[in-house]
Structures are given as C-alpha cells and as structure tokens.
Amino acid sequence: MSAPRLRATPLPGIGVQYDLVTREHRHVSVVAHRDGARTVNVYQADDPDSCAHSLRLAAPEAGALIDALKPSHHSASLLYTTDLGLVAERIEVAALSRWNGRLLGDTRMRTETGASVVAVLRRAEAIPSPAPDFRVMGGDTLIVIGTREGVDAAAAILEQE
C-alpha cells in the first residue's frame, strides 16, 4: 500500500484544510484554524462531497487527540516517554486554580498519584526539585514525572478550581 496523500488547501482568514482519502476510499478533512482549534469532518461513503459528521475541537482537545492517535507524537506538554512506562510532562497551573498561592505539599500529589514534581518553571526561571513548602503560583509550569495514569491524576489535581 502506498503512503496516504494529504492535500493541503489554504483557507484565507481561516487557516488550512487538510484532506485525506483512506484506503477504504473514505474522505476525511481537518481544518486547522488560525486560533489553534481544529474541525474534523468525515464525509459520507456514498457521496464523498457530503459531510456526514463534523466535530470542532479546541486547541488543547486537538493536542490530546493527536497524542491519542500517535503516542510517539511530540506534543507541547509531553517531554519524554520510556520503555519503563514513565512520562515527564509540563502541567500549567491556572490563575483560578485552588492551588494558586498554596504550598505544593498541600496538593498531596505524590501521595495521591505517585507522580513527582521535579521542577517548576516560573517566568524565565527554573526551580529544580521544589520542596513541599514551595508556594505554587498561577502561571507556574510544573514538570511532573510518573506513570501515564499518575501524571494524568496529577494534572486533574492541579486543574481543580
């Protein structure tokens, strides 16, 4: 089977539309919007010009879908994966997070998830190995390492408002 061809069509003022015809002759397109959002369109099998389903994804949702479709894809947040099942990922603390201004130890992240915060990025500064008495601030990016499940659970803790 030859490699699939992906056709790109500029959409002025919107972004770029990518079209793919699968080996089963199904037409799929992705509109990459300028704001980072994506619209995935699947066309009817009997009429490749008639859209059967359209799904709009925000930029973070699109990134998550990319990771699901191709785990080896290098996403902005995924730093590294190993054969041991460990990942290191960037997790940003929102200004509205319940942890904004609180101590890292208060999150109980390592106890609850097994994932560890190995560094914090704050503005142009990197803070390695923050202690439990480190005060987390909105806008901080925490570098978290653990199993995929542990890092996902750590992200869920940090996303609490």
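All values below were derived from every heavy atom in this structure, side-chain atoms included, with hydrogens, water molecules and symmetry-related copies excluded.
- The heavy-atom pair separating Arg56 from Glu61 by the smallest distance is O-OE1, 4.3 Å.
- Atom CG of Leu86 sits about 11.0 Å away from atom CZ of Arg148, to the nearest 0.5 Å.
- For the pair Asn41/His53, no side-chain contact is recorded, criterion being any heavy-atom separation below 4.5 Å from C-beta on.
- Scored by the ring pair (Phe, Tyr, Trp, His ring centres under 6.0 Å) test, His33 finds no partners at all (sequence neighbours excluded).
- Here the straight-line distance linking atom NE2 of His27 with atom OG1 of Thr22 works out to 10.5 Å at 0.5 Å rounding.
- Across all their heavy atoms, Asp19 and Ser29 have their closest contact at OD1-CB, 3.2 Å.
- The local environment of OH in Tyr18 is sparse, with at most 12 non-hydrogen atoms from other residues, nucleotides or ligands closer than 6.0 Å.
- Side-chain contact between Thr107 and Val117 is absent, with no heavy atoms from C-beta onward closer than 4.5 Å.
- Taking all atoms of both residues into account, the shortest heavy-atom contact from Ala62 to Leu57 is N-CB, 4.0 Å.
- Inter-residue side-chain proximity for Val31 and Arg38 is flagged as unmet; no heavy-atom pair is nearer than 4.5 Å.
- The heavy-atom pair separating Val144 from Ala154 by the smallest distance is CG1-CB, 4.1 Å.
- Shortest non-hydrogen contact noted between Trp99 and Ile157 is NE1-O, 2.7 Å.
- Under the 4.5 Å side-chain criterion, counting only non-hydrogen atoms from C-beta, Met109 is in contact with Leu158.
- Heavy atoms only, all atoms of each residue included: Glu92 and Gly139 are closest at OE2-CA, 4.1 Å.
- Cluster membership check: Met137 does not share its hydrophobic cluster with Val120, using side-chain heavy-atom separations under 4.5 Å among Ile, Leu, Val, Met, Phe, Trp and Tyr.
- Applying the salt bridge (Lys or Arg N to Asp or Glu O under 4.0 Å) test between Asp140 and each of Arg122, Arg123, Arg102 identifies Arg122 as the sole match.
- Arg34 places no side-chain N or O within 3.5 Å of a backbone atom of Gly15 that could act as its donor or acceptor partner.
- Between Ser54 and Thr39, the closest side-chain pair of non-hydrogen atoms falls below 4.5 Å.
- Within the 4.5 Å cutoff, the side chain of Ile91 has heavy atoms near those of the Val151 side chain.
- In Arg98, the CZ atom is crowded: over 12 heavy atoms of neighbouring residues, nucleotides or ligands sit closer than 6.0 Å.
- Of the possible polar contacts, none joining the Ser116 side chain to the Val118 backbone as a donor-acceptor pair under 3.5 Å is found.
- Val21 and Tyr43 are assigned to two separate hydrophobic clusters, defined by single-linkage of ILVMFWY side chains at heavy-atom distances under 4.5 Å.
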